[in-house]
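Report on the structure given below.
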Amino acid sequence: KRARAAEARALPARTRDGHEVQIGANINLAEQAAFAIEQGAEGVGLMRTEFLFLERGDSPTEEDQYRAYSDMARAMGDRPLVIRALDIGGDKQVSYLDLPREENPFLGVRGARLLLRRPELLVPQVRALYRAARDGAQISVMFPMITSVAELLALRETCDRIRAELEAPAIPLGIMIEVPSAALLADQLAQHADFFSIGTNDLTQYALAIDRQNPVLAPEADSLHPAVLKLIDLTVRGAHAHGRWVGVCGGIAGDAFGAALLAGLGVDELSMTPRDIPAVKERIRQSDLSDLQGLAQQALAARDAVAVRALALPPVREED
Ligand code: PEP
Ligand code: MG
């Protein structure tokens, strides 16, 4: 029985009618790679690099970072690995960086906004990434908290310059879509980004104006709110219009119902906590894409998240 379960986890997340969704893991440490692969991960869709900066007294060096990225790439072998550039600010504060105190850190100098203002953070990280790529690591980089085309172009320019200096190969450069402005501009952003990854935790926070850490409002901060789904729909359309793939790496990607809905919206990749992978794969394998597309259309027309969650899941189709 256990062997059967392990076999099932290794199968692709392919619907009965042949549509395949890529499955990634959200992990930060190379030591977590083996477990993620065992659970059925086909790659890493989100490696958060904040962990390198948190709970220590000073910034990690370029060398420290180069080692962490290379270790993860080695642990993942030929599988895709998406490394997210530093997303400090908001709920993640680091004392030694001397960041100014802000009234509303979630609306402040966070993610790409901080990287663009602090080259001493951006440059060593990008150098470490290209050095790993120069060694043959199969990596992509993505930038958090993008709100405009100008930010993306500025970051791309820095990446291009560093790549040329290091004589490193090009690596795919993607962005997080986690602010409504980015979702609304997806069509334009897709002209300049190689891929998108939707951060539904922040996208929900910013679309619904609910602090993601506020326990009182937690039940209402549902990523299946139709307003959030409409932003996801726009993002997928914008990406696909330019031949870019789009993933989701927020918490809803690891919820079996949410994952099915996202597949119905046309999301190409779902990245989640490793332990959520088996149930998500199973749910997708039991579905027909056409049913999931119908579910997604109903969800987009629903009046609130409660109504979305009440939608009947397409019947689970047992193997005949
Ligand atoms: C998100 O916002 O959904 C996300 C994946 O990033 P983080 O949770 O690290 O902000
Ligand atoms: Mg986020």
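Start at 1 and go down the list; that is how both ligands and their atoms are numbered. Since the model is a prediction, treat every value here as computed from it, not as a measurement.
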Any chance CZ of Arg118 has more than 12 other-residue heavy atoms, nucleotides or ligands included, within less than 6.0 Å?
yes

So which heavy atom in the protein is nearest atom 3 (O) of ligand 1, and how far is it from that ligand atom?
Asn201 N, 2.7 Å

Does Glu102 pair with Arg110 as a salt bridge, N-O distance under 4.0 Å?
no

Interfacing atoms of ligand 1 (cut-off 4.0 Å, heavy-atom, Arg110)
10 (O)

Quick one: look at Lys92 and ligand 1, take heavy-atom pairs under 4.0 Å, and tell me if it's side chain, backbone, both or neither.
side chain

Can you confirm whether Lys230 is buried at NZ, in the sense that more than 12 heavy atoms of other residues, nucleotides or ligands lie under 6.0 Å from that atom?
no

Heteroatom count (protein N, O or S) under 2.8 Å of the Mg ion (ligand 2):
2

Atom indices of ligand 1 within 4.0 angstrom of Arg212 heavy atoms, with elements:
2 (O), 7 (P), 8 (O), 10 (O)

Option among Thr49, Leu54, Leu121 that satisfies the side chain to side chain contact (heavy atoms under 4.5 Å, CB included) test with Ile88
Leu54

Under 4.0 Å from one or more heavy atoms of Cys249, ligand 1 contributes atoms 5 (C)

Under 4.0 Å, heavy-atom basis, I'd like to know which part of Arg48 is in contact with ligand 1: side chain, backbone, both or neither.
side chain

Go through the side-chain N and O atoms of Ser223 and Thr204 and say whether any donor and acceptor fall under 3.5 Å apart.
yes

Decide side chain to side chain contact (heavy atoms under 4.5 Å, CB included) for Val308 and Leu261; before the verdict, give the C-alpha distance in whole Å, the side-chain angles of both, and the deciding distance to 0.1 Å.
CA-CA 10 Å; Val308 171; Leu261 221 167; 3.7 Å; yes

If you scan protein heavy atoms around atom 6 (O) of ligand 1, the nearest is Arg84 NH1, 2.9 Å

Thr61 and Gln65 side chains, donor-acceptor separation under 3.5 Å:
no

Taking atom CD of Glu165 as the centre, report whether more than 12 heavy atoms of other residues, nucleotides or ligands fall under 6.0 Å from it.
yes

Aromatic plane relationship, Phe106 with Tyr206 - under 30° parallel, 30 to 60° tilted, over 60° perpendicular:
perpendicular

